[in-house]
Amino acid sequence: PDEREVLTWELFGLAARELAQEVADSGYRPDIILSIARGGLFVAGALGYALDVKNLHVMNVEFYTGVGERLALPVMLPPVPNVVDLSGQKVLVADDVADTGATLKLVRDFCGEYVADVRCAVVYEKPQSEVRCEYVWRRTPLWINFPWSTQPPVVPNASVLDA
Ligand code: 5GP
């Protein structure tokens with residue numbers, strides 16, 4: 001039950017290159033990469049370099065509060081991207097994982113009719129996801145440990161607190 005899928009920083013480097021290759025091989029040339037903060041920022045940055053796309057946007061969506069614990073619905077947090085920036089563009093949405101898929105569905109629906117095309121790229125997709133992503137590196141039913149969120153936030157060390 002507590003078996004995990006573990007993504008190391010090193011493996012993430014390979015995953016990002018292989019995911020970018022999938023996008024390139026499909027013939028899709030995105031104008032904009034829309035990352036879902038915070039996990040999607042790492043993926044979007046790596047895909048931006050690998051696909052030579054410099055136009056990166058960020059959307060903040062809050063859903064999970066802990067391992068397997070989530071809110072009733074994903075919530076968009078401000079600032080919300082301006083639809084004018086997205087209109088008529090070919091968008092590539094980048095995220096770490098499609099789990100229930102509710103986050104990506106929200107973002108896809110938000111892009112709605114404004115964009116020319118919207119496709120999703122994720123490192124992992126789980127079998128239950130309601131969104132079928134166009135670009136997926138690996139599929140797993142397990143909880144994933146990502147290199148950026150496995151360790152707890154740093155705390156100031158004692159010498160700083162004493163000062
Ligand atoms: P969804 O809306 O698809 O259920 O969840 C999307 C977000 O939930 C992900 O971007 C990620 O932040 C978080 N999440 C979902 N599943 C996992 C997981 O297995 N491991 C980690 N670390 N985060 C997850």
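Whatever order the structure lists them in is the order used to number ligands and atoms, beginning at 1.
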Exercise. Output the list of atoms in ligand 1 that are nearer than 4.0 Å to some heavy atom of Asp99, sorted by atom number.
Key: 1 (P), 3 (O), 4 (O), 5 (O), 15 (C), 16 (N), 17 (C)
Quiz item: Counting each atom of ligand 1 from 1 as listed, which ones have a heavy atom of Ala98 under 4.0 Å away?
Solution: 3 (O)
Quiz item: Salt-bridged, Asp99 to Lys126, with N to O below 4.0 Å?
Solution: yes
Quiz prompt | Which of the ligand 1 atoms, numbered from 1, are nearer than 4.0 Å to a heavy atom of Thr100 | solution = 1 (P), 2 (O), 3 (O), 4 (O)
Exercise. Give a yes/no on ligand 1: does Ile36 have at least one heavy atom closer than 4.0 angstrom to it?
Key: no
Quiz prompt | Close approach of Ala102 to ligand 1, heavy atoms, under 4.0 angstrom | solution = yes
Quiz prompt | Option set Tyr124, Trp143, Trp148, criterion heavy-atom distance to atom 18 (C) of ligand 1, minimum | solution = Trp143
Quiz item: Out of curiosity, is Gly39 lining ligand 1, as in a heavy atom under 4.0 Å away?
Solution: no
Exercise. Assess whether atom CZ of Arg17 is packed by more than 12 heavy atoms of other residues, nucleotides or ligands within 6.0 Å.
Key: no
Quiz prompt | Side chains of Leu19 and Glu22 in contact at under 4.5 Å (non-hydrogen atoms) | solution = yes
Exercise. Please state which part of Val97 comes within less than 4.0 Å of ligand 1, counting heavy atoms only: side chain, backbone, both or neither.
Key: both
Practice problem: Could you tell me how the ring of Trp148 sits relative to the ring of Phe12: parallel (under 30°), tilted (30 to 60°) or perpendicular (over 60°)? | Solution: perpendicular
Practice problem: Using distance alone, determine whether Ile144 and ligand 1 share an N or O pair under 3.5 Å. | Solution: yes
Self-check item: Test: Glu134 and Arg108 ion pair at under 4.0 Å
Solution: yes
Quiz item: What pairs with Leu41 under side-chain contact (heavy atoms from CB on, under 4.5 Å), at least two apart in sequence or on another chain?
Solution: Ser35, Ala37, Val58
Quiz item: Linking I/L/V/M/F/W/Y whenever their side-chain heavy atoms sit closer than 4.5 Å, directly or via other members, would Leu11 and Val123 fall into one cluster?
Solution: yes
Quiz item: Checking side chain to side chain contact (heavy atoms under 4.5 Å, CB included) against Ile36, which of Leu106, Val93, Asp96 comes through?
Solution: Val93
Quiz item: Is the closest heavy atom of Lys126 to ligand 1 under 4.0 Å?
Solution: yes
Quiz item: Mind checking whether Phe146 has an N or O less than 3.5 Å away from an N or O of ligand 1?
Solution: no
